Amino acid sequence: MSVRAGVLGATGAVGQRLVQLLDPHPEFEITALTASESSAGQSYREAAKWRIDSPIPADVAEMTVTETTPEAVSDNLDIIFSSLPSGVGRDVEPAFCEAGYVVSSNSSNHRTASDIPLTVPEVNPSHLDLIEVQRDERGWDGALVKNPNCSTITMVPPLAAVEEEFGLDRVTVATLQAVSGAGYDGVSSMEIIDNAIPHIGGEENKMESESRKLLGEFDGAEVQWHDARVEASCNRIPTLDGHLENVWVDTVDETNADDIIEAMETYPSAELHSSPDDLIHVFDDAKRPQPRLDRTREDGMTVTAGGVQETDGGVQFNCLAHNTLRGAAGASVLNGELLAKQGYL
Ligand SMILES: NC(=O)C1=CN([C@@H]2O[C@H](COP(=O)(O)OP(=O)(O)OC[C@H]3O[C@@H](n4cnc5c(N)ncnc54)[C@H](OP(=O)(O)O)[C@@H]3O)[C@@H](O)[C@H]2O)C=CC1
Ligand SMILES: N[C@@H](CC(=O)OP(=O)(O)O)C(=O)O
């Protein structure tokens, strides 16, 4: 039987990606779509202004968009995917959880709260059980689960591979982030063409904190954040999709480039529908990965890496992921698959 799924913020950039991924999904069936008051009452086709380069799914196009309240959606929902603006989701998502819904959210609110699981199913699936703590503390029948920020999710699988074999002491990262990360209206063409912007508000702090929570240990009661020092510098560049990152890692144990490549290549994926066969693909061509060539590998869910070199304290490498697939909608769907597999739906 299908898992009935609702999408909050379904008309937005990430919401449209969620619809694109959920419509053909073998496990989920879209049964509710919500957006702001101004879109409510319209058909999804009218409200969404579909901007993805595959056709709007015909069966979803004629569904009516509702307001984003627990009362406005039908009771017949098993899971909700949320891609609301963070400020909106901050209060709205807990209201859905209080009403008994299980919410897999991409919004940045509450990601570092102590009782909210922040999960990448291939990296820290055990953190999902923080739901039990959350339910005890908040008295919810529902649950709230988050996926991380798109730049964080790009570097965390390679970092997890390094951590597992050699330990992480210090991480320094510089990002080259695509414009889609800012949303359709986020950066004007006059601002970004022939240019680069060396600041993305709040992004550095998210990379520094979310990565340490993801790589931390869950002891059944709380997540002990990883104690590595993580420093990030974030830049917007004129690519459409795909965040490229330059990462330097000081490891606890001595290592070399060949061992790091092997650790990344053998880091396991998860047995979930949306997990790629190869979670991390490592190129030996120093000019890869590149956003245009590599962002859609395995439906945009593989993290690609390259340029692995030894340094004084450890290793340097580059990595890339599709920011609205692996970094946003795909990450939320994966968390939904994990919730289903672990019996939370
Ligand atoms: N774009 C990206 O690559 C990434 C985005 N994110 C995060 O995902 C979230 C969504 O981003 P994005 O899709 O780009 O945003 P958009 O602005 O494109 O979409 C926002 C969605 O939320 C709805 N919405 C806006 N205000 C309200 C409100 N007051 N009540 C109910 N619904 C509302 C909009 O409806 P309407 O159409 O009616 O206005 C729309 O459906 C954000 O938290 C963002 O930070 C995370 C990673 C990557
Ligand atoms: N800030 C990211 C996208 C984003 O919205 O991230 P978050 O999910 O943390 O809000 C970018 O600009 O590429």
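It should be emphasised that the depicted structure is a prediction, and the values quoted were computed from it without experimental measurement. Just so you know, ligand 1 is whichever comes first in the structure, and atom 1 is the first atom listed for that ligand.
At the top of the distance list for atom 18 (O) of ligand 1, counting protein heavy atoms only, stands Ala13 N, 2.9 Å. When only non-hydrogen protein atoms are considered, atom 3 (O) of ligand 1 lies nearest to Thr324 CG2, 3.1 Å. For atom 10 (C) of ligand 1, the nearest protein heavy atom (residue, atom name, distance) is Ser83 O, 3.1 Å. Protein heavy atom nearest atom 42 (C) of ligand 1, with residue, atom name and distance: Leu84 O, 3.5 Å. Of the protein's non-hydrogen atoms, the one nearest atom 28 (C) of ligand 1 is Val88 CG1, 3.6 Å. Summary of contacts: the protein heavy atom closest to atom 19 (O) of ligand 1 is Gly12 CA, 3.1 Å. Regarding atom 24 (N) of ligand 1, its nearest protein heavy-atom neighbour is Pro85 CD, 3.9 Å.
Listed by atom number, the atoms of ligand 1 under 4.0 Å from Ala10 heavy atoms are 41 (O).
A 6.0 Å sphere centred on CG of Asp59 holds more than 12 heavy atoms belonging to other residues, nucleotides or ligands. The environment of Asp253 atom CG is dense: over 12 non-hydrogen atoms of other residues, nucleotides or ligands sit within 6.0 angstrom. Crowding of Glu137 atom CD: a count of heavy atoms from other residues, nucleotides or ligands under 6.0 Å exceeding 12. For CD of Glu265, the number of neighbouring non-hydrogen atoms (other residues, nucleotides, ligands) closer than 6.0 Å is greater than 12.
The shortest N or O to N or O distance between Ser180 and ligand 1 is under 3.5 Å. Below 3.5 Å of separation, one finds no N or O of Gly327 facing any N or O of ligand 1. Annotation: Ser39 places an N or O atom under 3.5 Å from an N or O atom of ligand 1; distance criterion only. The N/O atoms of Ser36, backbone and side chain alike, include one that comes under 3.5 Å of an N/O atom in ligand 1. Distances between N or O atoms of Asn106 and those of ligand 1 include at least one value under 3.5 Å. Geometrically, ligand 1 and Ala328 share no nitrogen or oxygen pair separated by less than 3.5 Å.
Applying side chain to side chain donor-acceptor pair (under 3.5 Å) to Lys146 and the options Asn106, Asn109, Thr119, Asn335 leaves one that passes, Asn109.
A donor-acceptor pair is defined here as one N or O able to donate and one able to accept, closer than 3.5 Å; no such pair exists between the side chain of Asp23 and the backbone of Val19. Using modelled atom types, no side-chain atom of Asp169 and backbone atom of Val252 make a donor-acceptor pair closer than 3.5 Å. Under the 3.5 Å distance criterion, the side-chain polar atoms of Ser274 are left unmatched by any main-chain donor or acceptor of Gly330. Although no hydrogens or angles enter the test, the distance criterion places a donor-acceptor pair under 3.5 Å between the side chain of Asn149 and the main chain of Ser151. At distances below 3.5 Å, not a single donor-acceptor pair connects side-chain atoms of Asn318 with backbone N or O atoms of Asn246. Checked by atom type and distance alone, the side chain of Glu310 never pairs as donor or acceptor with a backbone atom of Val315 at under 3.5 Å. Remark: side-chain polar atoms of His243 are paired, donor with acceptor, to backbone N or O of Ala178 under 3.5 angstrom.
Rounding to the nearest 0.5 Å gives a distance of 10.0 Å between NE2 of His199 and OG of Ser233.
Distance screen at 4.0 Å: atom 45 (O) of ligand 1 has no protein heavy-atom neighbour inside the cut-off. Distance screen at 4.0 Å: atom 31 (C) of ligand 1 has a protein heavy-atom neighbour inside the cut-off. Under the 4.0 angstrom criterion, atom 8 (O) of ligand 1 counts as having a protein heavy-atom contact.
Checked for salt-bridge contact, Glu231 and Arg170 meet the test: a charged N lies under 4.0 Å from a carboxylate O. Using a cut-off of 4.0 Å between Lys/Arg side-chain N and Asp/Glu carboxylate O, Arg326 and Glu122 are scored as salt-bridged.
At a heavy-atom distance under 4.0 Å, atoms from both the backbone and the side chain of Val14 approach ligand 1. When heavy-atom distances to ligand 1 are checked against a 4.0 Å cut-off, Thr11 comes that close through both its backbone and its side chain.
A distance limit of 4.0 angstrom between heavy atoms and ligand 2 selects the residues Asn106, Ser108, Arg111, Asn149, Cys150, Gln177, Gly181, Ala182, Ile200, Glu203, Lys206, Arg236, His243.
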